Amino acid sequence: MNLFLVPYTAMRHLVVGFWCASAALLAWWGMLLWVVGIGPSWTQEWDGAILLALLAAVTAGASILAEDLLRRRPVVATSGRVVLAGAIAGLLALAAWWLWTSVLAPGIVAPLVGMLGTQEAGGAEAGAAALSRAVEQDVVDSSLVSLRYRFGAFALVGLATGLGPLAVRRFRGALDHLGAGLAAGLTASATWYVIGRTVAADLYVADAAMVVGFGLVFGWFAWGIPESLYAGWIRVLSPWRFGHRIPVDAPDGSPKERFIGHFPRGLDLFLPLESGVQEMHVSVAVDTRQRYLARGLTLAPTTIRRFLERVDLRYDPRRPAPLETRLSSGDRIVLGQGAGASEVEFLMLPREER
């Protein structure tokens with residue numbers, strides 16, 4: 001996980017999801033090798049609990065590891081945070097499995113199914129009790145593969161997975177983490193059922209698809225690469241000083257404004273008069289919320305070019321302030337007009353860029 005390999009495009013929102021999915025798939029593969037090659041050290045009824053607990057621990061730890069690698073945190077601190085998140089998620093996942101199979105499903109689901117089944121059949125209370133006992137036995141039967149009696153366990157394990165990173169991140173973004181965990185658990189259960197029963201009819205393939213779906217959904221929604229890891233830059237595209245670039249952000253993160261023109265002193269980016277640039281032509285500013293603005297400072301033509309849009313920023317003397325517009329990565333600013341115009345580009349690059 002290297003920020004320099006994650007360009008500032010829409011794909012950056014998917015990177016953490018692929019990272020968590022890869023970690024979950026490797027964990028499933030390692031458990032499969034252990035079970036097949038060495039043999040499990042637990043009884044059969046613990047297979048589902050161990051698999052989901054391992055999935056929760058690895059996915060939670062992978063989410064924290066991705067963040068710490070991107071933020072360049074020290075190895076010791078990163079290791080502690082990853083182990084803590086994984087341990088919390090794994091232990092809570094085991095507790096969630098027990099809670100569902102021993103408390104919630106026998107106490108709530110089984111009586112509810114018994115009541116509904118008896119009403120449909122027109123039976124008596126004795127029939128409801130018998131059906132409830134049968135459902136209760138099915139719930140605790142580890143050899144029975146049925147989404148009907150496992151979806152609650154998946155959902156609770158997903159919530160447990162969200163609680164691990166949430167605790168390490170000091171409970172910032174609680175709704176994101178818990179919602180991502182719940183969505184990941186439900187997605188994993190649906191994937192496991194559909195692949196195992198209809199598409200491939202193979203429980204091994206279904207398990208692999210399940211862990212991938214769990215990691216993808218949790219990584220996508222729990223924590224994404226934040227804007228604060230990137231900073232704005234201005235790069236010259238015209239032949240005059242081609243490739244020269246300057247940062248927009250201040251080193252301490254305070255608001256900053258960079259000026260472009262041909263005035264010989266005090267400007268942040270100098271372009272010669274022959275390139276069609278006025279003394280103080282345009283500025284690019286950033287505020288405390290990391291919003292970037294371009295402001296036209298001259299009567300000469302100043303145009304922002306972006307996909308399916310052109311913005312005229314030339315200064316209007318009738319207005320009390322210069323015109324301005326929000327900038328996005330890839331926007332181009334044309335200074336002047338005709339063959340002698342200059343062009344600069346606004347880019348978002350990793351903050352560590354020099």
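Computed from a predicted model, the values in this text were never measured in an experiment. Hydrogens, waters and symmetry mates play no part in the numbers below; they use all other heavy atoms, side chains included. All residue numbers in this chain count up from 1 along the given sequence.
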Ion pair E352/R72, N-O distance below 4.0 Å:
yes
Checking the side chain of T161 only, and the main-chain atoms of A89 only, is there a donor and an acceptor separated by less than 3.5 Å?
no
Among T303, L335, I333, L237, side-chain contact (heavy atoms from CB on, under 4.5 Å) partner for E343
L237
Which atom pair, heavy atoms only, marks the closest approach of H177 to P165?
CD2-CB, 3.8 Å
Decide yes or no for S63 and F218: does some side-chain heavy atom of the first lie under 4.5 Å from some side-chain heavy atom of the second?
yes
Which of these, R295, E257, R258, sits in a side-chain hydrogen bond (donor to acceptor under 3.5 Å, both in side chains) with S283?
E257
Is the closest side-chain heavy-atom distance between W100 and F151 below 4.5 Å?
yes
Is there a side-chain contact between V6 and I225, using heavy atoms and a 4.5 Å cut-off?
yes
Student check: side-chain heavy atoms of L14 and W19 closer than 4.5 Å:
no
Got a donor-acceptor contact below 3.5 angstrom from the S189 side chain to the L186 backbone?
yes
Looking at F263, I want to see if its CZ is surrounded by more than 12 non-hydrogen atoms of other residues, nucleotides or ligands under 6.0 Å.
no
Exercise: identify the closest heavy-atom pair between A300 and H281:
CB-CE1, 4.0 Å
Between E345 and R245, is there a side-chain N and carboxylate O pair less than 4.0 Å apart?
no
L69 backbone acceptor or donor facing R73 side chain under 3.5 Å:
no
For R170, look at atom CZ and say whether over 12 heavy atoms of other residues, nucleotides or ligands are found less than 6.0 Å away.
no
For the student: nearest non-hydrogen atoms of V212 and A21, plus distance
O-CB, 3.7 Å
Verify the neighbour count for atom OH of Y193: are there more than 12 heavy atoms of other residues, nucleotides or ligands below 6.0 Å?
no
When you measure from the centre of the six-membered ring of Y8, is the NZ or CZ of R12 closer than 6.0 Å and no more than 45° off the axis?
yes
Minimal non-hydrogen separation, A96 against V157, with atom names
CB-N, 4.1 Å
Just by modelled atom types, is the A285 backbone N or O under 3.5 Å from a matching donor or acceptor in the Y292 side chain?
no
Using 30° and 60° as the class boundaries, would you call the ring planes of F18 and W220 parallel, tilted or perpendicular?
perpendicular
Heavy-atom closest pair (L347 atom, G330 atom, distance to 0.1 Å) is CD2-N, 4.4 Å
Would R289 and D287 pass as an ion pair if we require N to O under 4.0 Å?
no
Basic-acidic side-chain contact under 4.0 Å: D68, R81
yes
Please check if the side chain of R241 supplies one atom and the backbone of F270 the other of a donor-acceptor pair under 3.5 Å.
yes
Determine yes or no for a side-chain-to-main-chain donor-acceptor pair under 3.5 angstrom, with S342 supplying the side chain and S275 the backbone.
yes
Name the one of K256, R351, R291 that satisfies salt bridge (Lys or Arg N to Asp or Glu O under 4.0 Å) with D249?
R351
Taking every heavy atom of L271 against every heavy atom of H262, the minimum-distance pair comes out as O-CB, 2.9 Å
